[in-house]
Amino acid sequence: MEQYSILGRIGEGAHGIVFKAKHIETGETVALKKVALRRLEDGIPNQALREIKALQEIEDNEHSDVSSDRRTWGDIVNSQRAAPCGAAREDSLHVEARTSSKRRDQQEGVGLTYRRAEKKTRGTYKASLEKKQSLTLVRLPSLCILLYECVSRWDKYVVEFEDQGSKESGWEELKRVIGKKSRTNLPLWPYMSYRFRVIAINYVGKSGSSLPSEIHNTPAEVPDNNPADVRSESIDPDTLVITWEDIDQRNFNGPDFKYRVQWRRVVGSGPTWHTNYTTTSPFTVSDIGSFSAFEIKVQAVNEQGVGPEPDAVIGYSGEDVPLKAPKNVGIELINSTTLRVNWVAIEKKTVRGHLLGYKVYVTRTGSRGHHRGPESPVVVEPTEEKKLISDLRPYSHYDLAVAVFNSKGEGPPSETLSFNTSEGVPGPPMSLMLDSQSETEMTLRWTPPDHPNGVLNGYALQYQQIVESEDSPLQLEAIDDPTATHFTLKGLDRHSHYRFFLMGRTALGDGEAIMREGATTLDG
């Protein structure tokens, strides 16, 4: 409808609106009828068919000059009846009613004649009426049937393609074209065999597809890109595994596609690159040494030539367990439960992998010479060269060693260092029981502390009466015999309850107490 300029509105009926318009090229004044289509999926509405039927009857007029193409209006109507307005069909139609500027009441009694009009470039056919009144049928390939209202609502077109070398992928969207256009430029892959089709879209939905085009083959070219994410994923010692993301086959751009893999040592190999070819990732180089740094490149190649020059990345051959232990390991005792250990950083070349850290093994052999076995190691970050270790047992013998580790495991431990922690206060006695044989006596029986943490030289016993208002003062009994396991208190109040505290004692002082409450036999 771009070829017409709307001049005004002539009138409105039950099924449409008639506009006065002017043909832009010829200047001819015409009438355009616009009919709203409510349910496009149901096909052509009855009122539109009646418009076409009126033209059909013109063929029976004795003055008609019927085209040698015997396709009737009925054929056209029947061919379009099943298709919704959204269908993109080759022989869909658009109808326009043209009239002169004379008023309708001045044309009474006009006889009708039909003649074939001169065929126009867009397939236009004209059915003329006397007094310059005519109906024009415009054949618009790939547009919907009838009415400007429908044609004007194509919002976009979708161009799809089918890869003839990979038909299992089916039809794929290639490009969307916005607006009323009849051609577009398509971005295509080199060295591919295509077929194309077009689908129209409006506010209702998609049309059916056009018939596929003929097969179109694009010529081969050199690769546009190199593979992405080139890296080393070496696991086994003495091997370099080079890997990358394989290029999609559509980006091969030509026959005989392959990858050119290049590598050289970062240090000591000079400018010479080692080169090999493969068709897929990964590529493995053997007998190359453990955890050595290499420059690596992967370039796309086909029969037409090579892709762009790739940038080199750094990769490493596979790791192995570390060769050596940390040197100059030293310890500093801070108190009976804490020490500081330090060492000199390991040489990187002896790690034979990415340094993940250090492990400090502290093994307690016991306070009385019996073996206790190794404890879990303390893990230290690779950037640290010292560590504060706490929660040691006082008055105990320990062995200490440090090892370095990577993803393959631990290296040899450092030379073992032995040390003794100093005395501490004892832990609590393991048990305490009360036994009263008379109204004024109480005997306490206990077992020694499980952790004396030094040389036990006796016990401290504290006790007090329990009263309602507030507790009475504590009374103290010293037990100097470290082997004692019982003690009897005399002169207790036969009417009172008591609270007893028993603690072990070393040279550093009294340890943690164990507590019990009880009364004499009379009260009990």
Side-chain angles (χ1 to χ4, degrees), residues 158-177 183-196 213 215-236 238-319 354:
V158 177
V159 181
E160 296 184 331
F161 76 96
E162 183 183 52
D163 182 358
Q164 301 305 292
S166 179
K167 288 190 175 182
E168 62 272 10
S169 299
W171 288 93
E172 303 175 58
E173 183 175 321
L174 180 60
K175 185 175 182 180
R176 292 199 169 207
V177 181
R183 65 177 60 196
T184 186
N185 295 323
L186 298 176
L188 302 180
W189 286 280
Y191 195 60
M192 270 188 63
S193 183
Y194 289 90
R195 284 202 310 166
F196 304 99
S213 70
I215 293 176
H216 175 72
N217 297 311
T218 54
E221 297 179 4
V222 297
D224 297 319
N225 300 293
N226 291 314
D229 197 19
V230 177
R231 62 197 184 278
S232 65
E233 290 187 349
S234 308
I235 298 176
D236 297 326
D238 206 30
T239 61
L240 174 65
V241 179
I242 304 172
T243 186
W244 58 88
E245 291 183 7
D246 280 324
I247 293 177
D248 185 273
Q249 185 175 355
R250 288 176 178 171
N251 292 312
F252 285 1
N253 288 9
D256 193 24
F257 181 85
K258 54 195 171 186
Y259 301 99
R260 180 162 71 180
V261 184
Q262 296 180 288
W263 68 97
R264 69 180 180 185
R265 290 185 186 274
V266 172
V267 178
S269 64
T272 302
W273 287 91
H274 301 275
T275 303
N276 211 321
Y277 293 87
T278 183
T279 57
T280 186
S281 173
F283 182 80
T284 302
V285 184
S286 302
D287 300 325
I288 207 160
S290 297
F291 201 68
S292 298
F294 289 85
E295 288 184 291
I296 54 180
K297 298 191 296 186
V298 181
Q299 189 173 25
V301 180
N302 64 21
E303 193 178 78
Q304 300 295 310
V306 299
E309 181 63 27
D311 294 328
V313 299
I314 302 298
Y316 291 85
S317 55
E319 296 188 19
H354 294 287

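In what follows, residues are counted from 1 in the order of the sequence shown.
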Under 3.5 Å, side chain of [X] to main-chain N/O of [Y], donor-acceptor pair present?
X	Y	result
Glu319	Asp236	no
Asp224	Asn251	no
Asn302	Pro255	no
Glu162	Lys167	no
Thr239	Gly318	no

Could you walk me through whether Trp189 and Asn253 pass the side-chain hydrogen bond (donor to acceptor under 3.5 Å, both in side chains) check?
-> CA-CA 7 Å; Trp189 286 280; Asn253 288 9; over 6 Å; no
Listed by chain and number, what are the side-chain contact (heavy atoms from CB on, under 4.5 Å) partners of Pro282, not counting sequence neighbours?
->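 Result, side-chain contact (heavy atoms from CB on, under 4.5 Å) vs Pro282: Val241, Thr243.
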Ignoring hydrogens, what is the shortest heavy-atom contact between [X] and [Y]? Give both atom names and the distance.
X	Y	answer
Asp163	Arg250	OD2-NE, 3.7 Å
Thr280	Asp246	OG1-OD2, 3.2 Å
Gly289	Ser317	O-OG, 2.7 Å
Gln262	Thr275	NE2-OG1, 3.4 Å
Glu160	Glu173	CG-CA, 4.1 Å
Pro187	Leu174	O-CD1, 3.6 Å

With a 4.5 Å cut-off on side-chain heavy atoms, are [Y] and [X] touching?
X	Y	value
Val261	Trp244	yes
Arg265	Ile288	yes
Tyr191	Glu221	no
Ile242	Phe294	no
Tyr194	Thr218	yes
Thr278	Asn276	no
Val298	Phe283	no

Mutual orientation of the aromatic rings belonging to Phe257 and Tyr259 [parallel < 30°, tilted 30-60°, perpendicular > 60°] |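 Ring orientation of Phe257 relative to Tyr259: perpendicular.
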Can you label the angle between the His216 ring and the Phe196 ring as parallel, tilted or perpendicular, going by 30° and 60°?
->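 Rings of His216 and Phe196: tilted, as their planes differ by 30° to 60°.
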I need the [X] [atom1] to [Y] [atom2] distance, nearest 0.5 Å.
X	Y	atom1	atom2	value
Arg264	His274	CZ	NE2	10.0 Å
Phe161	Ser169	CZ	OG	8.0 Å
Ile247	Ser281	CD1	OG	11.5 Å

Could you tell me whether [X] atom [atom1] has more than 12 heavy atoms of other residues or ligands within 6.0 Å of it?
X	atom1	result
Asp311	CG	no
Gln249	CD	no
Asp248	CG	yes

Could you tell me whether Glu295 and Lys297 make a salt bridge, using a distance below 4.0 angstrom between a side-chain N and a carboxylate O?
->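 Lys297 and Glu295: not salt-bridged.
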Could you give me the CA-CA distance, side-chain angles and deciding distance for Val306 and Val222, then say whether side chain to side chain contact (heavy atoms under 4.5 Å, CB included) is met?
-> CA-CA 6 Å; Val306 299; Val222 297; over 6 Å; no
